[in-house]
Amino acid sequence: MLEKTYEPSAVEARIYEAWQQAGAFKAGAGAKPGAETFSIVIPPPNVTGSLHIGHALNNTIQDILIRFERMRGKDVLWQPGTDHAGIATQMIVERKLMEQQQPSRRELGRDEFLKRVWAWKAESGGTILNQLKRLGASADWSRERFTMDEGLSEAVRKVFVGLYEKGLIYRAKRLVNWHPGLETAVSDLEVENIETNGKMWHLRYPIEGSEETITVATTRPETMLGDLAVAVHPDDERYQHLIGKMVVLPIVGRRIPIIADTYADPELGSGAVKITPAHDFNDFEVGQRHGLKPLNIFTTQARVNANAPAAYRGLDRFEARKKILVELEGLGVLVWVDDKKIMVPYDEKTKQVIIEPFLTDQWFVKADVLAEPALRSVREGRTKFVPKSYENTYYAWMENIKPWTISRQLWWGHQIPAWYGPRLNTDPEFNNGAAGPRVFVGDSEEAVIRQAEAYYGRAVDMFRDGLNSTEFVKAFHDFETTQRDRTSAQVWTLRKQKDPFAEMSDSRVPLHRDEDVLDTWFSSALWPFSTMGWPEDTPELRKYYPTDVLVTGFDIIFFWVARMMMTALEFTGVEPFHTVYMHALVRDEKGQKMSKTKGNVIDPLNLIDEYGADATRFTLAAMAAQGRDMRLAIARVEGYRNFVTKLWNAARFLEMNGCVRKEGYAPWRNQLALNKWIVGEACRAIAAVTRALDEYKFNEAANAAYEFVWGQFCDWYLELAKPIFSGEDEAAKAETQATAAYILDQILKLLHPFMPFVTEELWAETGKSGPARDKLLIISEWPDLRGLENKEADAELQWLITLVTGIRSVRQEMNVPAGAKVQLVVVGAGLDTGTRVEAHLPALTRLARLERVDYSDIVPKDSAQIVIGEATFVLPLAGVIDIFVERARLAKDVDKLEDEIDKIDKKLNNPQFVSKAPEEVIEEQKQRREEAVTRRDRLKEALDRLS
RNA sequence: GGGUGUAUAGCUCAGCGGGAGAGCACUACCUUGACAUGGUAGGGGUCACAGGUUCAAUCCCUGUUACACCCA
């Protein structure tokens, strides 16, 4: 016997274990022979992260699709894994070191620090995956991958080398977005521009050899220390005579030119702008056009460096600003201050640190080249976005894609497989100072050594500890010495004669490895194929790649989706998935983003603890309409928890009434209209859920299932079955018991993708009697009852439901006590109505609380009347009902019908409508009119009888 | 500044060229043999505003307003 309520906490862990034991999550579990494949790769969560509500939604949707397709007999793989999340993880470990008062990252050194990170990964890395398991995620855990696994790292190196060799990855000195806290470059996407109340300071610069001044405006006065020019528009009348003159930069004393460049906007401020090429992206370009060599005034921590006057060195950028303003004011240079809204670039993650444009050597990907085929894939429909509107977002970004900065000055991540060595004097670029060291890129040290030996014509030494290790410095110095001498054949000959050991110091060339690591998204970009074994040609890769659907939030469409498209097309030649399903972001019930600081975070694990995984999942699915965000209200979760209980109790009711599954039961052999009807309803519900899931309309799927289970099966079928169960007709009872058990099976299947735990538990419970179940629900077949609708049964049950509802409605409105039994008189019944009344007499009596049912040709006086079809159903309530109220009730209905008839008549009397509207629309209107007229006439008659 | 999206019941949201819907909330009644995490009945909407297209507009088009998000 089932308990009165379902206890999720008592069941979920056991069920999950049973699935694992049965190998139900394994790739291909339950697949029909020769089945189509269906694969999804999980968006890998941060390895040291924990589950938030967005993950819960994301993975619920994936699990619904996976369970659905698995039940449909496809060969399914859900590929799980985690991401090393370079910046986030490194920050966490650094913070922990600080909290525990241990040596800092730099004090520990690279190797020791990385050991600590791996230890932390080992300690906390399983958390989020365990949380996904609590949600019921049926991923193939035996195939779990991590972005820094050896295989995936090999894929990263292969891709890096491949792109490098094609010229699609290059190293360059550029202005990049610099994070002064982490002291690393970040990509454009990792910067969020936030509108802030700022100021515009107007500075009057003196002009050399003149009494004139030129006024420039800036939001960042401290950067004046790095000013290299003042620009005016070439057509600006006001400044023609100043172009070419020199400004003496206050405080600094540097002479800088006044240049003509269209970047200066004559309309803005004074029309003259200061140019600081090392600290502003626009200024950098201006500087390049005019051959200005950028002057960097900041350290990697955004403190003023030695390129500035001594008084400012070491000051933080904001301290420097204060000091400069004081000094400029004292000099009379600062002439005016405005308030101004300015966009300040913040670190996108924490929104705490202001990002600084900073001039450094970095690695870049020529994203524009890779974007071309990725754009075509979507334009030509080989990959589709759901909802489709995101395709425009994708186009807009991809069409204007900028070079992708992929190097990070971090330690946790994939170290860039590049080595640097000195240039030979025979190298064509030897005298080009800007060319920098000679770079060797290879997917292994052996490959690099081979290349380097070919270049140098002799052995090389590999220095892994970086540019500053004493061994490297010494070796490099030795090489440079010999290298210099070799520039002249004469000197070289002399040297060899003087120094018999010259040969030795000449013999090995020191190479050092690039210390930087790659952007985390570089490895994520390979996820769909790297997890399946690429670059090896594995069976998984052949079978499950390309994948089918990518399920993700729209916030990482650029970070991740676009980049997967690019790398997959470049390296595998196919789109990594045919569909990208973008779900909404989960917000709180007030529509605000959830954040720890606001304290409005809904922890999915709390929801699971309190309401169960099934209710949590169902809520997320039911709210997953295709939109930008969804607001999660606890009341909804509660409601779906109630739904779980409802299902549980329906099963309990069946159990109590001997509804056992029957061997050889065939739904098409049902005799009773009630059973024919519920089979048809199930058929429609299954079709609706299936179609909705095929279209990724999870809310529609959930609602259709919910409506059928609660609104049809529980509210009507079970209620109507009650009199049969307690009745004498054994044949009817047997058929209904078998049908009820059969429908429950269909329901369990239908709900399983949404509510896997309670359905699996009930599947087991109901499997204890009747024919033995041959497998778990998770790998059972998705239901399909097509062709079992029955029009007559539908009409009959619809009639019954209308009648019961009608009587109940009258009873309530007439304030008939709920317990009181009343008489029903059927007037004007034809053969159909008579048969139906007789067939459903017990149900009717019970549900409408009737004392007895009589037939008559005369309507009793002062009665409430219900018109259905040709018959009028009369509740003789003389003395009980208020005639006035009953008249009002009927009159209201008549009014409604009159309105409708008027509306339809207007249409039908319009010759335009009749001539232009489609035939079936006209026909439908006529039919609706006829029904309305009949019903109105009946109601009018009823009304007349009341007076 | 550019772009995208949204505006429907008190709330959260579906829907859609031809009858305005759901869940929650609300009101009233009901502990009837699965379920009070329940049942029954009920109230509630100029479908943001203004034009246009159409025989017909909540739905399509244009504009306005408000809000949200993305990009610079």
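Each chain gets a letter, A, B and so on, in the order the sequences are listed, and its residues count up from 1.
Side-chain N/O atoms of Lys903(A) include none lying less than 4.0 angstrom from OP1 or OP2 on G18(B). Between Lys4(A) and A36(B) there is a side-chain polar atom (N or O) within less than 4.0 angstrom of OP1 or OP2.
We find that CG of Asn649(A) is positioned 13 Å from C1' of G33(B), with the value rounded to whole Å.
Aromatic ring centres of Phe618(A) and Tyr640(A): separated by under 6.0 Å. In this structure, Phe698(A) has its ring center closer than 6.0 angstrom to the ring center of Tyr581(A).
Across all strands, Asn400(A) comes closer than 4.0 Å to no nucleic acid atom at all (heavy-atom distances). Among the protein residues, Pro918(A) comes within range of the nucleic acid bases, having at least one heavy atom under 4.0 Å from a base atom. When heavy atoms are screened at a 4.0 angstrom cut-off, Arg849(A) is found touching base atoms of the nucleic acid. Residue contacts for Arg928(A): at a heavy-atom cut-off of 4.0 Å it reaches a base atom on one of the strands shown. Using a 4.0 Å heavy-atom cutoff across all strands shown, Gln925(A) reaches sugar-phosphate atoms only and no base atom.
In summary, Glu898(A) and Lys903(A) do not engage in a salt bridge, as defined by a charged side-chain N under 4.0 Å from a carboxylate O. Arg684(A) has a carboxylate O that lies under 4.0 Å from a charged side-chain N of Glu681(A), or vice versa, which qualifies the two as a salt bridge.
For U40(B), its base sits under 3.5 Å from the side chain of Gln812(A) at one donor and acceptor pair at least.
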